[in-house]
Amino acid sequence: MTGIQELLLSRIRDVADYPEPGVMFKDITPLLADPAAFTALTDALAEIVVTTGATKVVGLEARGFILGAPVAVRAGVGFIPVRKAGKLPGATLSQAYDLEYGSAEIEVHAEDLSAGDRILIVDDVLATGGTAEASIQLIRRAGADVAGLAVLMELGFLQGRSRLEPALGGAPLEALLVV
């Protein structure tokens with residue numbers, strides 16, 4: 001394990017039985033509250049922006065906003081929020097996707113993405129991959145290229161990576177931590 005991985009992992013708190021019994025929730029708020037850890041995380045993700053040649057960062061609601069916005073600033077690229085349906089005021093593109101217990105829909109402002117954009121998707125956790133897969137489809141429908149997906153933490157036991165690799169079409173999936 002590298003020094004940054006040790007630092008990040010040491011600032012993530014396990015919360016048992018949240019949001020329901022049997023679930024071990026990974027709480028990143030202590031990491032966000034620690035300026036050294038948050039800066040190290042931002043720098044590591046900004047490096048991925050540079051190495052993938054991304055021209056914009058997409059952050060997935062809601063913790064992807066918290067991580068993605070400072071990463072975009074640090075890397076010198078634009079930031080685009082992908083939101084739950086009905087939260088954006090302008091003309092949007094939307095993408096529906098299935099959840100384990102129903103369905104959901106995400107949206108992006110149509111004018112924020114265009115041909116020639118290379119998008120790095122940033123989020124806190126890769127779980128089953130449903131939201132990330134829908135965002136990949138949404139970005140491509142807008143005419144932009146997906147440069148990759150970068151997450152703080154991958155929950156390996158949920159197999160999200162195997163779901164996303166075909167959708168990514170060779171673009172990298174970078175997880176700073178795998179638990």
Side-chain angles (χ1 to χ4, degrees), residues 1-34 36-52 54 57-72 75 82 84 95-104 106 118-140 145-179:
M1 186 175 288
T2 66
I4 187 172
Q5 289 173 318
E6 288 177 10
L7 173 63
L8 298 176
L9 202 51
S10 75
R11 300 304 188 274
I12 297 171
R13 175 177 44 211
D14 286 342
V15 180
D17 298 321
Y18 182 83
E20 60 187 51
V23 174
M24 181 63 72
F25 185 78
K26 300 293 187 183
D27 180 16
I28 68 166
T29 59
L31 187 157
L32 299 174
D34 180 325
F38 195 14
T39 298
L41 171 60
T42 300
D43 290 347
L45 292 173
E47 277 184 38
I48 297 169
V49 172
V50 173
T51 60
T52 60
V57 168
V58 157
L60 304 182
E61 188 162 346
R63 290 180 299 266
F65 299 171
I66 297 168
L67 303 184
V71 166
V82 167
K84 294 175 183 167
Q95 182 69 45
Y97 62 101
D98 292 327
L99 301 168
E100 303 85 80
Y101 49 87
S103 63
I106 55 173
R118 289 187 45 79
I119 307 301
L120 181 70
I121 302 162
V122 172
D123 206 3
D124 65 328
V125 174
L126 171 59
T128 63
T131 306
E133 183 179 42
S135 70
I136 291 167
Q137 295 166 349
L138 191 60
I139 290 162
R140 289 199 177 120
D145 292 326
V146 176
L149 170 66
V151 296
L152 164 59
M153 185 175 12
E154 176 182 348
L155 305 179
F157 63 94
L158 292 177
Q159 305 296 314
R161 181 177 291 268
S162 61
R163 175 180 185 166
L164 287 179
E165 283 179 337
L168 283 164
L173 193 170
E174 300 284 345
L176 299 180
L177 301 170
V178 179
V179 298

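Side chains are part of it too, since the values below use all heavy atoms of this structure and drop only hydrogens, waters and symmetry mates. From a predicted model like this one, the values you see are computed outputs, not experimental measurements. The residues of the chain are indexed from 1 along the displayed sequence.
Heavy-atom minimum distance, Ile4 versus Ala44: CD1-CB, 3.6 Å. Minimum interatomic distance between Ser135 and Ile106 (heavy atoms only, all atoms of both residues): N-CD1, 3.6 Å. Closest heavy-atom contact between Asp124 and Leu67: CA-CD1, 3.6 Å. Between Ala175 and Val178, the shortest heavy-atom contact is CB-CG2, 4.2 Å. The shortest non-hydrogen separation linking Gln137 to Gln95 is OE1-NE2, 3.0 Å. Taking each heavy atom of Ala171 and Val146 in turn, the nearest pair found is CB-O, 3.6 Å.
In this structure the side chain of Lys26 reaches within 4.5 angstrom of the side chain of Asp14, judged on heavy atoms. A 4.5 Å side-chain heavy-atom check between Ile66 and Phe38 finds at least one atom pair inside the cut-off. Taking the side chain as every heavy atom from C-beta outward, Leu152 and Val125 never approach each other to under 4.5 Å. Looking at heavy atoms from C-beta onward, Leu45 lies out of side-chain contact with Leu120 at the 4.5 angstrom threshold. Taking the side chain as every heavy atom from C-beta outward, Ile119 and Asp145 never approach each other to under 4.5 Å. Side-chain contact between Val58 and Val122 is absent, with no heavy atoms from C-beta onward closer than 4.5 Å. Residues Leu176 and Ile48 meet the side-chain proximity criterion, which asks for heavy atoms closer than 4.5 Å. Between Leu32 and Arg63 the shortest side-chain heavy-atom distance does not fall below 4.5 Å.
Separation of atoms CD (Glu165) and CG (Leu149) is listed at 10.5 Å; rounding is to 0.5 Å. Note: Asp34 CG to Arg11 CZ = 4.5 Å, rounded to the nearest 0.5 Å. For the atom pair OG1 of Thr131 and NZ of Lys84, the computed distance is 9.0 Å after rounding to the nearest 0.5 Å. If you take CZ on Phe25 and CG on Asp17, they are separated by 13.0 Å, rounding to the nearest 0.5 Å. A distance of 8.0 Å separates OG1 of Thr2 from CG of Leu177, quoted to the nearest 0.5 Å.
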Requested in this report: Please report the C-alpha distance between Met153 and Val179 in whole Å, then the side-chain angles of each, then the deciding distance to 0.1 Å, and finally whether the side-chain contact (heavy atoms from CB on, under 4.5 Å) criterion is met.
Outcome: CA-CA 7 Å; Met153 185 175 12; Val179 298; 3.8 Å; yes

Query raised in the report: Taking it one step at a time, do Gln5 and Leu8 satisfy side-chain contact (heavy atoms from CB on, under 4.5 Å)?
Result: CA-CA 5 Å; Gln5 289 173 318; Leu8 298 176; 5.8 Å; no

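With hydrogens and angles disregarded, a donor-acceptor distance shorter than 3.5 Å links the side chain of Arg118 to the backbone of Thr52. Between the side chain of Ser162 and the backbone N or O of Gln159, at least one donor-acceptor pair lies under 3.5 Å.
Crowding of Tyr18 atom OH: a count of heavy atoms from other residues, nucleotides or ligands under 6.0 Å not exceeding 12. By the neighbour-count criterion of 12 heavy atoms within 6.0 Å, atom CZ of Arg163 is densely surrounded, having more than that number from other residues, nucleotides or ligands.
For Ser103 and Tyr97, the side-chain atoms include no donor-acceptor pair closer than 3.5 Å.
Tested against Leu126, the residues Leu158, Leu155, Leu173 include a single side chain to side chain contact (heavy atoms under 4.5 Å, CB included) partner, Leu173.
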